[in-house]
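Comments concern the structure below.
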There are 2 protein chains.
Amino acid sequence: MSLPHALMTSLLEKSCSGYDLARRFGKSIGYFWQASHQQIYRELGRMEEAGWIRSAAADDGGKTRKRIYEVLPPGCEELRRWAQEPVDPPNLREEFFVRLRAEAVMGPLGLEHELERRMGLHSLRLQAYRAIEQRDFLGKELSREATIQYLILKAGIMQQEGAVAWSQEALRVFRAWAAIGVLG
Amino acid sequence: MSLPHALMTSLLEKSCSGYDLARRFGKSIGYFWQASHQQIYRELGRMEEAGWIRSAAADDGGKTRKRIYEVLPPGCEELRRWAQEPVDPPNLREEFFVRLRAEAVMGPLGLEHELERRMGLHSLRLQAYRAIEQRDFLGKELSREATIQYLILKAGIMQQEGAVAWSQEALRVFRAWAAIGVLG
DNA sequence: CCAACCATGTAAGCGGTTACATGATTGG
DNA sequence: CCAATCATGTAACCGCTTACATGGTTGG
């Protein structure tokens, strides 16, 4: 569990409301960490209670219920402590591989379409990442912060490239079987 | 959720006990799907109740409590149905990237050691995968089933290779900073 | 005016993790 | 004999997902 820390990191980058955080988690940070608004509001409540963050009504003359959250020194401290903890890389949990393995043991189930669809999805994500790369990082002098963010983005790019390449190889195999009618 | 289906796939490959499943999930299948023995026993119970599998006391003369599980036709049916469902690839959930991002916004926290450690772990996994590749797949005529299993293994290999390469790049960056003493 | 979006929540359920527990068999 | 491994469970907790709910603001 580290959602609170992910939220504080995001808040340090820029203070904002829970709603804004939820939207941000659909974008940049959300590429490697997801969270629903329900989770976010709950965690914000807990974190405020713990004294890690504080909130203030947004400067909109009380028109909305919007609250802006800000990280407090104890939160910073905690984030710093947490960031230095070691964590093993998670092993992937890929449902599709289980399906593939089921197809291997139960005979042809027609997973070609699914392979195509998934390759399309990976291509799309790759495109999205490449667009961010083009917009924010290529052909610029990068600060230390930007350099690190670029490193993270590159991890995503490499991952998607790998997934696309793998999908293509898998498709080649399945299509060859389809062409010659091999069943086992 | 698809642990029951992962278990049935494993049982179709070879009927065995819950304990054996737990060990197998620490190996081949476990490279892309993990489960603790507690989960496994609970799911086996549910699946038997649902009529997807059945169990019989092991053929050891009642020496142990060991029970061998076997997939029944309804379980096969269900697995076939499930295997054809589409699933989007999961987006990675990488705690370490959150930490990196925290390091980006809070200044140097000394994540180099952690990067080295993680690179070592990825190298180890890669080695393990390569050993399996060598032992089970290279220089052999592969059946349809083996070909698919090899495809899955290759996905793991590519993933680890990518992770190692990325770690090296990240380390280069951090070491360059350390060498010239850049702080921001 | 109405739809879309902003903004924040509650409640139920489930899968996964952690801790705890038991007893039998095997090997040194 | 003792430790490790085999083998199977129970109980509590927690984060995440899904469904449901509310009310205000903005723009066409």
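For the numbers below, each heavy atom of this structure counts, side chains included, while hydrogens, waters and symmetry mates do not. Convention: sequence-line order gives letters A, B, ...; per-chain numbering from 1.
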ask   = From the list C:dT25, C:dT8, D:dT8, which nucleotide is the closest neighbour of the side chain of B:Lys63?
value = C:dT25
message = Please report the interatomic distance CD(A:Glu85) to CZ(B:Arg99), rounded to the nearest 0.5 Å.
response = 5.5 Å
A:Glu43 CD - C:dT8 P separation (whole Å) = 16 Å
request  = Check the distance between D:dT8's P and B:Arg46's CZ and give it to me in whole angstrom.
outcome  = 18 Å
key: Derivation of the side-chain contact (heavy atoms from CB on, under 4.5 Å) call for A:Phe174 and B:Leu151   = CA-CA 11 Å; A:Phe174 276 82; B:Leu151 270 177; 4.1 Å; yes
key: Flag, side chain of B:Glu48 to backbone of B:Ser55, donor-acceptor distance under 3.5 Å   = yes
key: Other residues, nucleotides, ligands: >12 heavy atoms within 6.0 Å of B:Arg54 CZ   = no
request  = Ignoring backbone atoms, establish whether A:Arg93 has a side-chain N or O less than 4.0 Å from OP1 or OP2 of C:dG16.
outcome  = yes
request  = Give a yes/no on whether any side-chain N or O of A:Gln39 is located under 4.0 angstrom from OP1 or OP2 of D:dG15.
outcome  = no
ask   = Please give, in whole Å, the distance from D:dC6 P to B:His37 NE2?
value = 13 Å
ask   = Between B:Leu11 and B:Cys16, is a side-chain contact (heavy atoms from CB on, under 4.5 Å) present by the stated rule, with each step listed?
value = CA-CA 7 Å; B:Leu11 286 176; B:Cys16 64; 4.0 Å; yes
query = Once you round it to whole Å, what is the distance between P of C:dA7 and CZ of A:Phe25?
reply = 17 Å
key: Reported CZ-to-CZ distance for the pair B:Phe96 and B:Arg118, which is rounded to 0.5 angstrom   = 5.0 Å
Hey, can you pull the donor-acceptor pairs under 3.5 Å for the side chains in residues 133-142 of chain B, sequence neighbours left out?
{"from": "B:Glu133", "atom 1": "OE1", "to": "B:Arg130", "atom 2": "NH1", "distance (Å)": "3.1"}
{"from": "B:Glu133", "atom 1": "OE2", "to": "B:Tyr150", "atom 2": "OH", "distance (Å)": "2.6"}
{"from": "B:Lys140", "atom 1": "NZ", "to": "B:Arg135", "atom 2": "O", "distance (Å)": "3.1"}

ask   = Tell me: CZ of B:Arg42 to C1' of C:dC20, nearest whole Å?
value = 15 Å
request  = Would you indicate which nucleotide in D:dG15, C:dT17, C:dG16 comes nearest to any side-chain atom of B:Ser36?
outcome  = C:dT17
query = Between D:dC16, D:dA7, C:dC5, which nucleotide gets closest to the side-chain atoms of B:Thr64?
reply = D:dA7
key: Nearest-nucleotide pick for B:Gln38, side chain only, options being C:dT18, C:dA11, D:dC16   = C:dT18
key: Phosphate-side-chain proximity, B:Ser17 and D:dT8, N/O vs OP1/OP2 below 4.0 Å   = yes
B:Tyr19 OH - C:dT22 P separation (whole Å) = 19 Å
query = What nucleotide among C:dC6, D:dT26, C:dA7 has an atom nearest to a side-chain atom of A:Arg23?
reply = C:dC6
task = Between A:Tyr41 and B:Arg65, name the one whose nearest nucleotide on DNA chain C is closer to the 5' end.
result = A:Tyr41
query = Hey, what bend do you get for the helix from C:dC1-D:dG28 to C:dG28-D:dC1 if you fit axes on five pairs at each end, rounded to 10°?
reply = 30°
Pair up each side-chain donor or acceptor in residues 20-27 of chain B with any protein partner under 3.5 Å, not counting sequence neighbours, and list the distances.
{"from": "B:Asp20", "atom 1": "OD1", "to": "B:Arg23", "atom 2": "NH2", "distance (Å)": "3.1"}
{"from": "B:Asp20", "atom 1": "OD2", "to": "B:Ser17", "atom 2": "N", "distance (Å)": "3.4"}
{"from": "B:Asp20", "atom 1": "OD2", "to": "B:Ser17", "atom 2": "OG", "distance (Å)": "3.0"}
{"from": "B:Arg24", "atom 1": "NH1", "to": "B:Ser10", "atom 2": "O", "distance (Å)": "2.9"}
{"from": "B:Arg24", "atom 1": "NH1", "to": "B:Ser10", "atom 2": "OG", "distance (Å)": "3.0"}
{"from": "B:Arg24", "atom 1": "NH2", "to": "B:Lys14", "atom 2": "O", "distance (Å)": "2.7"}

request  = Name the nucleic acid region contacted by A:Arg67, choosing base, sugar-phosphate or nothing; use a 4.0 angstrom heavy-atom cut-off, strictly under.
outcome  = sugar-phosphate
remark   = Whole-Å distance, B:Lys66 NZ to D:dG9 P, equals 14 Å
request  = Calculate the interatomic distance between A:Glu95 atom CD and C:dG15 atom P; express it in whole Å.
outcome  = 12 Å
